[in-house]
Amino acid sequence: MSGEPTGNGGRCAVVPVATGGTRPRHGSLEERRRLVAESLQVGNPGNRAKDLPEQADPNHDCQIELKIEDVRPYEHNPRRANNAKFAEIKESIRSSGIRTPLTVTRRPGERHFIVEAGGNTRLLALQQLWEETRDPRFAKVTVIFRPWRSEAHVLTAHLIENEQRGEMTFWDKANGIAVLKGQLEQEKGHALSLRQLEEELKAIGFAVNTATLTHYLYATTRLRILGDALPALSGLDVKTIQPRLNLMKRYAQMRGGTGETALYAGVFDPVFLRHADQYRQNQAFDASDLCQACEEALAQHLGENVARLRMVLDALVQSPHASLDALFETVGSALSNVPALRTQALGHAPDGTSGVSSANGPPGQFERRAVPRAAAQMTNVLHTDLAALLRLKESIARFAKLANVAGCVQSWDAGPLGYYMEMLPTPSGEEGQPRLELRAWWLLALVSGQFHPSVRASLPDASRWRRLATKEDADDKETPSLIESDLPAVMQLDAEFFDWLLDGHDEVAVTFWEIVNLARELRSATPQQIEVFEQPNSTPGNG
């Protein structure tokens, strides 16, 4: 078929075919030589081994030996104060070495290790001993290594360790919690509510309730001036300060819309600075005094009388949802009673009547020895104390409700503090009154002043307490059994009682200290508030 015409004008296309497994040659010999020469000029890969840890980290808990220079203290340790027993610990390590191994970890990519859960003091002692002696015993340390987990985990471990050792102040714990909250939020990528923070802390082994978290975060946010200056700032101080300042903030916002940040910066922070300076000078701090100073600063800021402002604040406690006009109306009504209160406090009855009414006992049985006072001074005292008296009544009502003795609190305007305690109901069971009720009854009765004979004699005739107490004073052979059967059991002043009373986390105990502070404030302003009575001689010739 070679004679047949093709489609390319009669010419055949020639396609070379490689045979025998040979490959076509690419490039000349000179080109290949050039490529080889260029390849020889390429440098070696960069050496980055210096950036890698000298020792690969194990992936499980284990015991390893490290140079002392390779371990550093944890830089975010929440405990600020140095260990008071540092010298003692150092000498113990010098003579006996470390008995309990340090626990360490290492952040990814870092060359040094850090203390993972407590032990910063022992590490510092070891490092000082190595620097001072160059003794080979201190050159290396055997540690428990734990693989890195997270910044939040390490901070939590230190918080737990310090908490168990009782080595942290309230302020240290508050700052530790605040930093931990920020770290958890960074790791999770979103903000945490108080409830969520409580759950997160519980999940990593550090249980703190939301009420305590509120105090921690409030202190670190609003009381930093005080916290940084007062190592002794306590949780009880914050529980005293926070609700009162929150009340002032609400009132300031009702008055003129003052924002919280501006209120603290312009009104409260200058007060904090003064009290911080005072603490540096005399090492003394009182949270109630601070609150009063803040009230004075707010009154000046708003252009109000401080006594009237305090009355408005106390009215706001009683009626949290009241309008501004309603609060002012309440205060105006209270101020209208000042003349009557002044008469009562001065020890003079109106309209020329006897100083002790017939309802308080047979005429002439007791004579009042009036304590001299200046009317002008009493007017100022009453305007100042009326607000404190309202706060006291509110605290007493809250304390009595918490302790289940509210039914015993009787309002009594003639009393030193405006109330007295009626008898507890007779218990139905054989076990007697619950311990908390007994404690609360006796504490409130003591504060009221009703154990003073002069006060007791002035109680209303209807008071069962007065009738029993009067019989106790009489020469009656049946009195002991009567008193023993009717009076509440005596409160036990033992170690358990004082542990309860000093427990800053017990709401009942904390409320009682509020009562004590307010009662002391009133007694200080009117030191002769409890009148002195003398019983006249019943028999002529008695000396």
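The shown structure was predicted, so the numbers you read here are calculated from the model rather than taken from an experiment.
- Residue pairs that meet the ring pair (Phe, Tyr, Trp, His ring centres under 6.0 Å) test with at least one member in residues 270-298, sequence neighbours left out, do not exist here.
- For the side chain to side chain contact (heavy atoms under 4.5 Å, CB included) test, residues two or more places apart in sequence or in another chain that qualify with Glu260 are Arg222, Lys249, Tyr264.
- Every residue meeting the ring pair (Phe, Tyr, Trp, His ring centres under 6.0 Å) condition with His76, not counting sequence neighbours, appears here in chain and number order: Tyr74.
- Residues passing the side chain to side chain contact (heavy atoms under 4.5 Å, CB included) test with Thr142 are Gln63, Glu65, sequence neighbours excluded.
- No hydrogens or angles considered: a donor-acceptor pair under 3.5 Å links the side chains of Trp130 and Glu69.
- Applying the salt bridge (charged side-chain N to carboxylate O under 4.0 Å, His left out) test to every pair with at least one member in residues 494-509, sequence neighbours left out, gives these pairs: Arg435-Glu496.
- The side chain to side chain contact (heavy atoms under 4.5 Å, CB included) test applied to Ile160 returns Thr156, Gln164, Phe206, not counting sequence neighbours.
- In terms of the side chain to side chain contact (heavy atoms under 4.5 Å, CB included) criterion, residue partners of Asp61 (sequence neighbours excluded) are, by chain and number, Arg146, Pro147.
- For Glu200, the salt bridge (charged side-chain N to carboxylate O under 4.0 Å, His left out) partners are Lys188, not counting sequence neighbours.
- Every pair passing ring pair (Phe, Tyr, Trp, His ring centres under 6.0 Å) that includes a residue from residues 209-246 is listed here, sequence neighbours excluded: Phe170-Tyr216.
- Under a 4.0 Å N-O distance rule, the pair Lys202/Glu198 does not qualify as a salt bridge.
- In this structure, Gln300 places its CD atom where only 12 or fewer heavy-atom neighbours from other residues, nucleotides or ligands lie under 6.0 Å away.
- Annotation: salt bridge (charged side-chain N to carboxylate O under 4.0 Å, His left out) contacts of Arg274 (sequence neighbours excluded): none.
- Judged as a salt bridge (charged side-chain N to carboxylate O under 4.0 Å, His left out), and not counting sequence neighbours, the contacts of Arg134 are Glu131.
- With sequence neighbours left out, the salt bridge (charged side-chain N to carboxylate O under 4.0 Å, His left out) criterion links Glu199 to no other residue.
- A donor-acceptor pair under 3.5 Å is absent between the side-chain atoms of Tyr251 and the main chain of Leu309, judged by distance alone.
- Donor-acceptor pairing under 3.5 Å is lacking for the side chains of Asp237 and Thr240.
- Classification of Arg310 and Glu296 as a salt-bridged pair holds, one side-chain N sitting under 4.0 Å from a carboxylate O.
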